[in-house]
Amino acid sequence: MKGAAGSADLVPDLVAALLEGSGEGIVLCDADGVVTLANAAAARLVPGVEPCLPAPAPLDSVPSAPEGRTVIHGGRAIRIRAKAVSGGRLAWYLTDLSAARRTEFLLEAGRRLSASLNPHRCARAATELGAEFLSDMAIVLLPPTSRRRMEWVRAVSGRYGPEEGALPAAAAAEVPGLTDALAGLRHGVAGQQDPGGAPDWLLPEGFGPAGHLLVLPLPGNGVPAGAIALARRAGRPPFDDDDQMMARDLATRAGAAISAASLFREQSTINAILTGDLLPPELPEIEGMRVAGRLRASQQAGAIGGDFYDVYLPDAAPDSGIVERPPLVILGDVCGKGARAAVLAGQVRHSLRTLLLLESRPDRLLELLNRSLLASPSPNSFVTMILAALRTAPGDHVLVDLAVAGHPAPLVLRRDGTVEEVAVRGSILGALKKISLWPVTLDLAPGEVCLLYSDGITEAFGGPSGREMFGEERLREALATCAGMPVEALVERLEQLSTEWLGGGPGGGGQQDDRALLAVRAGTGRTETS
Amino acid sequence: MQDTPPLQVESLTPEPGAARLVMTGELDYTTAQDASAEVAKTLAEGVDVLEFDLAGLNFIDSSGMAVVMNAYSDAEERGTAFRIVALTPYLRHLIEVVALDDVLDLPG
Amino acid sequence: MSQDLEAATGRYLDLIGRADEYGAVDLVLGLIDEGVPAEDVLLRIVAPGQRRVGELWASNEWSVAREHGATAVSERVVAAVSGRVRPTATRGRVAVACADGEYHALPTRIMAEVLRLRGWHVDFLGASVPGPHLITHLHQTGPEVVALGCTLPTRLPRAHATIAACQAVGIPVLAGGAGFGVDGRFARLLGADAWAPTADAAADRLAAGLPSFPAAHDGHGDAAVHFGGEEYAYLTRHRADLLARVMDTLKEAYAPMGGYSARQLEHTAEDLGYIADFLIAALYVHDAALFTDFVTWTCQVLAARKVPAESVVLGLRVFHDVLTDCPHARALLNEGVAAARTCCADQRTETSV
């Protein structure tokens, strides 16, 4: 306890201990400018301040402003404030602005780098932190991709928004130390490099020559996550020990964030490919009719259910051996949830695509699918579905050949606004060796609609009481109010009604199962409106 | 909030050689595995008749239906008779939708 | 030109009112071919036409089915415009989404198209985007900003959760749509980084630049608002029970309800549900005007259907009497009753004149 110990007779022990523990530097001088007391923080910030000696610079001239002044002393920014105390003595208070800045940096780095799971956003945050706290320019280079290009993100202090771009990976060799940094190796003393050797592309236009350059690897999960380069303009102070420590800290945190984000991206890509088999296709234009569909997946993560629909247009170039057939739409529901359901739905859709090259009768297709599901080694390969082959007929009519396997029967909206349930049923697929099917053919006059739906629509629990099922009756009533609507509006309205039934208020949002709707309307809309 | 488990399965012996599983609560994605395990255990005991009492189910989804269908086919494979002795109107409706009412032995 | 556009807006309304998709698409693409900027077509024909559709429904001149048909046609028109005019993206990436539970997608869709026309790389995620879907998308694509649309203030609690979630993953949020208040006060309250009243204002605001990282909300400062509170939580949790109690009380208080069909009862329950939802939203943001504006609007909509504003007064009073332990909700309901009474007085003046 330098200084304070010598004045122990003047200050009670407790006060001495308090002063010693302060993070702010405190110095007391007598009327002649000789130090009588200096605590540990003061001794650290201004080496050479000692009791019985005259106060050294910068404590030798009293600042005029009451809030003090900021000086650079020994490589640190220090705010110095003086206050007259009794007997002509002077108290000095010293605040280490570098430390405050470091704390602020740590807080900001934690907040910004932990937020995103997107590699680019993380790289962006790292450059902004670098340009805000450490340098005039910060650039992050991500590891080269397979196409031999590396992406970069660059931020400049005081300029809005980082810039992004890509470069040939070979360009890394032009920046001293960068090739090593991208390989995870730090090069030179603490990563300091000769700024004169930097190529033009490293610095933004109009930046001016760099005076100091720091190039550091971004450590990742065993493999480097990229590199960061920090530059200060010529004439600015060099990166001191504290700066270098902060730069290393930034590189470590940015590397961890970018590599975690890259891992997430890889896994979510795999997930997206898997569940992609449940995504509805873009519905094509089919001559003589309009088709619209809606699919809404369950909100619970990992519980994406197995509703799906698809459209199979006839083979564009009918070749020998490929059967001729009309367009086919299907809507189905596989048992279970998540990736397993997605895989099963994918199998069903692809099996059907193959079977359609050789078979066109909906009931035969379902029998074949049933056999292939029974042979499937995975458990619970149960599927319910509707097949609807769509044939145009004279007078803008559409004939729908329907086969249903264990699925709720479609509804039909007639021209006069009445709604019928189609008398068609059949066994679920994947459960029985011999399935029973009762297919029918439906005749739709222009403007009439055939609606296929999944049980998620009718089995939505909610309503004013929160406990009631939406039910088939409500669905029929809702469909009856849709007479004359374009088919897109119709499916949207039905989906909305079912969701609002689930809704249960502004904060709520009841348990949501998957819901799928697919509607076919005879005629193209132009003829029957006039 | 919930004191009772979502699905309870009770095993009864209505007559020698027969086993009746009484299911109460929710038979769905989250409980189907427990129910299947109970069915497998009962069939492994080598009963002649497997009965389901499903009147106490207040919810069933496609995974729950899978339990019923697997029980039917596993029993058939072993030569065990399978029947449903009690069920809710909603469940009967579901069985009709998947067109298993012709195949399954349902109460009249 | 401006007169031409006005005439075109009239023709457009006529076409969508007949659900004439081809006619509407031809009209709009024809204007674009004549050199009318696509943005003008969207903002001066489609958007005003769609606002008019809402008014026509409110005044009972158009049925729900006709309104839906017209909206569906406008959706197709916007899609056709985006197919015809495809500028290359010169600016950054923006994710545009409707708040969870928000089904009025068209205004937000128009905003997405205007941003695309101004050179942004836009991902339009559609109506009612659940929070987890949006956040997953943000992690996957890393846009510079999320533009969040909300037309109905009843979606504010969920919009608030979405705003906070976007900001937590480091992406600033631009809020837009009538749901955030005509003056954007709810956007500010819920901590959105920016607000814009219209699609072109949103584009201007984005061009001016948003902070690349949202500001920290510490939630402990003097300005911190305590969202919701006990009554909000109570009503949200017990909404269904509350509505059941209100229905029962209303049946006793209002004899004609005894003769209602099941369907009429369901419609009544639905209307009472809206009252509950607006009450809950007003409690969430502590804003009485949110509730009284809704009451006034409801009175006007009902008046157009020959239902007197007295029925609204009756409904609000039943809520008031049932919610014995909710002083804030009761205060809001009293203000609602006052607003409905004003409507009653207006209606009497109208009928006597």
Side-chain angles (χ1 to χ4, degrees), chain A residues 298 300 302-307 332-338 340-341 344-345 366 370 373-374 378-386 403-409 421 424-439 453-456 458-459 461 467 469 471-472 511 513-514, chain B residues 1-2 6-7 25-41 43 50 52 57-79 82-84 87-106:
Chain A
S298 159
Q300 293 139 298
I304 305 161
D307 284 8
D333 184 1
V334 301
C335 178
K337 292 182 196 299
R340 200 185 289 267
L344 180 55
L366 288 177
N370 184 52
L373 286 168
L374 281 174
S378 41
N380 292 355
S381 298
F382 302 122
V383 179
T384 74
M385 67 193 299
I386 303 179
V404 167
H407 202 92
E421 186 181 291
V424 54
R425 63 193 294 260
S427 349
I428 188 169
L429 304 181
L432 307 171
K433 290 197 180 67
K434 174 108 187 67
I435 57 170
S436 316
L437 297 169
W438 295 270
Y453 65 93
S454 73
D455 55 10
T458 44
E459 283 165 29
F461 280 88
R467 290 178 281 267
M469 216 167 74
E472 281 164 34
Q511 261 218 327
D513 201 358
D514 281 27
Chain B
M1 291 274 274
Q2 206 159 7
L7 177 75
E26 296 168 6
L27 182 56
D28 63 6
Y29 184 64
T30 55
T31 57
Q33 231 170 357
D34 297 347
S36 297
E38 204 63 40
V39 173
K41 201 177 82 188
L43 284 174
L50 174 63
F52 272 16
L57 285 184
N58 50 37
F59 184 74
I60 185 164
D61 72 352
S62 67
S63 303
M65 282 298 290
V67 172
V68 178
M69 291 184 288
N70 284 328
Y72 163 77
S73 47
D74 290 352
E76 193 182 44
E77 215 157 274
R78 288 172 162 270
F82 176 73
R83 60 174 169 257
I84 297 175
L87 76 174
T88 60
Y90 175 63
L91 193 50
R92 185 183 289 274
H93 165 78
L94 280 188
I95 290 173
E96 280 165 10
V97 167
V98 298
L100 291 179
D101 48 330
D102 296 343
V103 182
L104 292 175
D105 187 352
L106 302 176

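Atoms considered below: every heavy atom in the structure, side chains included; atoms not considered: hydrogens, waters and symmetry mates. Convention: sequence-line order gives letters A, B, ...; per-chain numbering from 1.
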- Bottom line for B:V97: the part with an atom under 4.5 Å from chain A's heavy atoms is both
Just list the side-chain donor-acceptor pairs under 3.5 Å for residues 424-433 of chain A, sequence neighbours left out, or say none.
| from | atom 1 | to | atom 2 | distance (Å) |
| --- | --- | --- | --- | --- |
| A:R425 | NH2 | B:E96 | O | 2.8 |
| A:R425 | NH2 | B:D101 | OD1 | 2.9 |
| A:R425 | NH2 | B:D101 | OD2 | 3.4 |
| A:S427 | OG | A:S436 | N | 2.8 |
| A:S427 | OG | A:S436 | O | 3.2 |

- Task: Supply the atom-to-atom distance A:T384 OG1 to B:M65 CE, rounded to the nearest 0.5 angstrom.
- Result: 10.0 Å
Pair up each side-chain donor or acceptor in residues 31-38 of chain B with any protein partner under 3.5 Å, not counting sequence neighbours, and list the distances.
| from | atom 1 | to | atom 2 | distance (Å) |
| --- | --- | --- | --- | --- |
| B:T31 | OG1 | B:E26 | O | 2.8 |
| B:T31 | OG1 | B:D28 | N | 2.9 |
| B:T31 | OG1 | B:D28 | O | 3.4 |
| B:T31 | OG1 | B:D28 | OD1 | 3.3 |
| B:S36 | OG | B:A32 | O | 3.1 |
| B:E38 | OE2 | B:K41 | NZ | 3.4 |

- State which residues pass ring-ring contact (aromatic ring centres under 6.0 Å, His included) with B:F82; sequence neighbours excluded, sorted by chain then number. B:F52
- Message: What residues of residues 87-95 of chain B make heavy-atom contacts with chain A at a cutoff under 4.5 angstrom?
- Response: B:Y90, B:H93, B:L94
- Determine, step by step, whether A:F382 and B:M69 satisfy the side-chain contact (heavy atoms from CB on, under 4.5 Å) criterion, reporting the C-alpha distance in whole Å, the side-chain angles of both residues, the deciding distance to 0.1 Å, and the verdict. CA-CA 9 Å; A:F382 302 122; B:M69 291 184 288; 3.7 Å; yes
